[in-house]
Amino acid sequence: MERLANTDLGPIVRSAVNDAVITDVHTHLYSPQFGDLLLWGIDDLLTYHYLIAETFRYVSIPYESFWAMSKQQQADLIWKTLFVENSPFSEACRGVLTVLSKLGLDVGARDLSEYRAYFRSKSVDEYVDIAFNLAGIDCAVMTNDPFDDAERPVWLSCYKEDPRFRAVLRIDPLLNSTQQSCEKLRNFGYSADPALSAQGLSEIRRFLEDWADRMKPLYLAASLPPDFAYPEESPRARVVRECILPVCRDRGLPFAMMIGVKKLVNPALRLAGDSVGKSRIETVEHLCANFPDNKFLVTMLARENQHELAVAARKYRNLMVFGCWWFLNNPSLVEEITRMRCELLGPSFIPQHSDARVLDQVIYKWAHSRTIIASVLTDKYNDLARTGWIATVEEIRRDVDNLFRSNFWRFVG
Ligand code: HDL
Ligand code: ZN
């Protein structure tokens, strides 16, 4: 048995993970047809809201002074503060450098003007292919918000499907500011009423049906606060029960619940001002148990919720756990959460999504995640080998494909 004890499947696992073609199941990217909504290039990378929050830990200028700056001025301040005056070893800072390195730029030169020159030489269409190829992704699943005044016109006028980008119908306002969203719905031609009468609920369903027809989404999604509860006597719970779940069930669409966001704990930081709170796993358990004909994609934002979410996935086959989301997308936590999920769920989950807001970020987010996930999987296959069960190359590549794309596509049907 000596041979078995020394079996190291690491090289096979790392090769399988590095070669894996990934479907990125949640991003904030847009196909180039959406114009400036698709962010890309060094100044968009540097003004990512994660880096804005980190910059304000050092600078004492008024928030409004920062927001009054041009994007390049903001990027200059962020570069100076986080990269020059302090070492960029936070995950979001390191990510910028990984992107530059993977593009073949001279990171050691630390020359922002050189990096800007590179991006000026590129068009967005060629850069989409560069980023997707370097990241190893075949598809970026978008976050599409019909309530967004900048995005809605594209869908209502000229949208032509781009197979590299698939849509998601994101409906946060319907659930988190129901009364106000009813007014917007009336402006869109749907007679939704804040009292949520039967007619009003029917009109919300019609709104969802129309946009599902228009977008052909892979799933419906919403980010939800830590105190998201179901059942509950609230407008949110009524819209979930009477509108979201029936429309999803009738169309075979998962409902993606992204739970644990404490919105704008520091409003002056704008998009960077959200935080995290521990959420109620009972809500997830109740929905999965009482709506067996619905499918639920779930990611939770608090580290403290990860173990109970993985246990819940053992109980409900209509629950698919995905990603190490936002404040969890750091090497130490991706490692901890992925290891725990492998031990509780085997290969029956979706380990990661990029959440990329800037096209270039898929390059670093997937490079960083692949390294960690390969390391965890190596341990798992080597643990098996020590029993005498030596996974074949085909079995390892099968499992890796399931984790990085096929679990998702099977689940969305
Ligand atoms: O609600 C979400 O989808 C979150 O991912 C937010 O967009 C958040 O601002 C973010 O970008 N996290 O990475
Ligand atoms: Zn997101």
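Just so it is clear, the structure is predicted and the values come from calculations on it, not from any experiment. Indexing begins at 1, ligand by ligand and atom by atom, following the structure's order. For the numbers below, each heavy atom of this structure counts, side chains included, while hydrogens, waters and symmetry mates do not.
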Numbered atoms and elements of ligand 1 in range of M258, under 4.0 angstrom, heavy atoms: 3 (O)
Cation-pi check, R214 onto W211 ring (under 6.0 Å, within 45° of axis): yes
Residues R164, D138: salt bridge by 4.0 Å N-O rule: no
Donor-acceptor pair, side chain of N318 and main chain of A289, under 3.5 angstrom: no
Ligand 1 contact on R170 by region, counting heavy-atom pairs under 4.0 Å: side chain
Angle subtended at the Zn ion (ligand 2) by H28 NE2 and D355 OD1, rounded to 10 degrees: 90°
Distance filter under 4.0 Å to D355 heavy atoms, resulting ligand 1 atoms: 5 (O), 12 (N), 13 (O)
Distance under 6.0 Å and angle within 45° of ring axis: K365 vs Y50: yes
Nearest candidate to atom 11 (O) of ligand 1, where distance is taken over non-hydrogen atoms, out of R357, H28, Q361: R357
Electrostatic pair R186-E203, nearest N-O below 4.0 angstrom: no
Taking atom 4 (C) of ligand 1 as the reference point, the nearest protein heavy atom with its distance: W325 NE1, 3.6 Å
Which of the ligand 1 atoms, numbered from 1, are nearer than 4.0 Å to a heavy atom of H26: 3 (O), 5 (O)
Residue and atom name of the nearest protein heavy atom (relative to atom 10 (C) of ligand 1), distance in Å to one decimal: H49 NE2, 3.6 Å
Donor-acceptor contact below 3.5 Å, side chain E242 vs main chain V239: no
N86 side chain vs L82 backbone, donor-acceptor pair below 3.5 Å: no
Y50: numbered ligand 1 atoms lying under 4.0 Å from its heavy atoms: 12 (N), 13 (O)
